[in-house]
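Here is the structure we will look at, set down as structure tokens.
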Amino acid sequence: MLKFFQLFLIVFPILFRAQNSIYPQDYFQSPLDIPLLLSGNFGELRDNHFHSGLDYKTQQMEGLNIYASADGYVSRIKISQYGYGKVVYITHPNGYTTVYAHIQKFYPTLENYIKKIQYEKENYEIEVFPKPQEIPLKKGEAFAYSGNTGSSGGPHLHFEIRDTDRQIPINPILFGLHIDDHKKPEIQSLYAHPLSHNAQVNQTAVKVQVNLSKDSIGNMIADTVYAYGKIGFSINTFDAQDYSDNRNGIYKLSLKVDGTPYFEHELDQFSFDESKLINLHIDYEHYEKFNSRLQKCFIEPSNKLSTYTKNLPHNGYIDIQDGKSYHIEINASDIEGNTTLIQIPVVGLNSKIEFPSKPKKSNYKVLAKETKSIYLDSISILFPRYTFYQDADLNIYKNADGSVQIDEDFIPLSRTYTMSFDVSHINKDLLKHTYIAKIGKKGYTSYIPSELKDHKIIGKAKTLGKYNLVQDFKAPTIKPLNFEDNKWISELTVLQVAIHDELSGIEDINASINGKWILMEYNHNTGVLTYDLNDLKIEGTEIKLVITVTDKAQNTKSYSATLNRVSK
Ligand SMILES: [Zn+2]
């Protein structure tokens, strides 16, 4: 017979989950007044991070009203060229903060409040933390229009709910903001990984794809895997919701061996500090090579993500013994509980196979816990301690063209490292247009933050790969789009110019009218700079516009025009 406390342990978690009682329900309303569809969901896998909110589709338009999800006050406003673009944070009295990102523009009171600060600081990019009494908002009060600002690939509203004190994003659906979803997660591929030095799967010592077939209710059955030693599994999967085909992320992933839980991953919340550990959660090398993210159902020793169930005895590592049979089950679920089951029969078979004696060509060993300096005549590389999550064997050499090959971008890094190129042989005038770039597969170069110091150019890199010095002598271009020098602009509401820089990229934009700084908004997706003529508060009919654009290699271009208008 079950003792009372045993019954309690069984029943209590079920009640607890069913009511989601730790998060207030019906407190937050939808921030949009259209049917909600998602182009991205919480915890979905992105480059170097888990997605921290919901991306609501805005019917391919900008300019939809954004409403405060609950009573509160605007506690933070940030305007930046990349990232969240124009973003508002509303702090609520119940301990949560809601976040609304990629905003197009604000309602007039807020718009004026922000422009005043931009003009005071003479900068498009600002960040302010208004006091609780300054900008109060009521639940359902519209305060801004949806847009596509910052690092956004199309019009949408990025919405988050955070724990205010810890600034930890929580899955907004746990607050009752449900999305209709009757579709099961789709499994695109399954891989089996050998994880110990003596391990093998299907008679090889490297990971192999396992064939899957689908049954009539959408579950998957894998071909029998023959294996020996410690092995693990990974899957490529996505989840779509009703009325939309967007390939969003799953909520929960788990693995059982003969009914025993070995691994569980669930995306209720995470901290921004740990989000980069996604590079250990996925097979990073596989992603870099094939642009497909395999989620591991086993936990790398250095992966401290809080989204895994703690203290499962095996962390997803399955010890396969010769001659034994195992029944392995992977479950992939969305947050509405739609689940796809993958059944994997495994048979222990210790075949005689060739293990590669040297897995990889390498000439340097970097211990994760230690700082490492590497010198290749004119180039030096410094890996601070904990650049790598795990000890790494690297192949590093200098190429004939002067570039340095720092292994390949198949190993995830936990922090940046530096490299320096001796430039004492380069003429002073050329030096200021010289920087370090990462060299891509097709020779495409991308600028990395570089500075000149004591005859050296020092660059900060986030990834391994090929790097070299690059020179950029080409100034940006500036081209007016809806006006010309010496023309009347009385009928215009905005001035627009197209700007472009070929190699290093745009670093700084400065614009003025009659010598006074003006706010121009730069859309880096279209390359268009826009000035709102309603902001013009000067007397007289003649205005002199000057725009100066500088690239990252100190090439500058200026454009000026004299424009006439009917005095208002
Ligand atoms: Zn988003």
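Read the numbers this way: they start at 1 and go in the same order the structure lists the ligands and their atoms. Remember, it's a predicted structure, so these values are computed and weren't measured experimentally.
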Using 2.8 Å as a strict upper limit, say whether an N, O or S atom of H51 approaches the Zn ion (ligand 1) that closely.
-> yes

Answer key: the N, O or S atom of D55 nearest to the Zn ion (ligand 1) is OD1

Are S302 and Q390 linked by a side-chain donor-acceptor pair shorter than 3.5 Å?
-> yes

Gap between atom CG of L305 and atom NE2 of H265 - 0.5 Å precision = 5.5 Å

Taking atom types as modelled, find out whether Y145 and N65 have a side-chain donor-acceptor pair closer than 3.5 angstrom.
-> no

The Zn ion (ligand 1) to H158: any N/O/S contact under 2.8 Å?
-> yes

Measure from the ring center of Y107 to the ring center of F143 and say whether it is less than 6.0 Å.
-> no

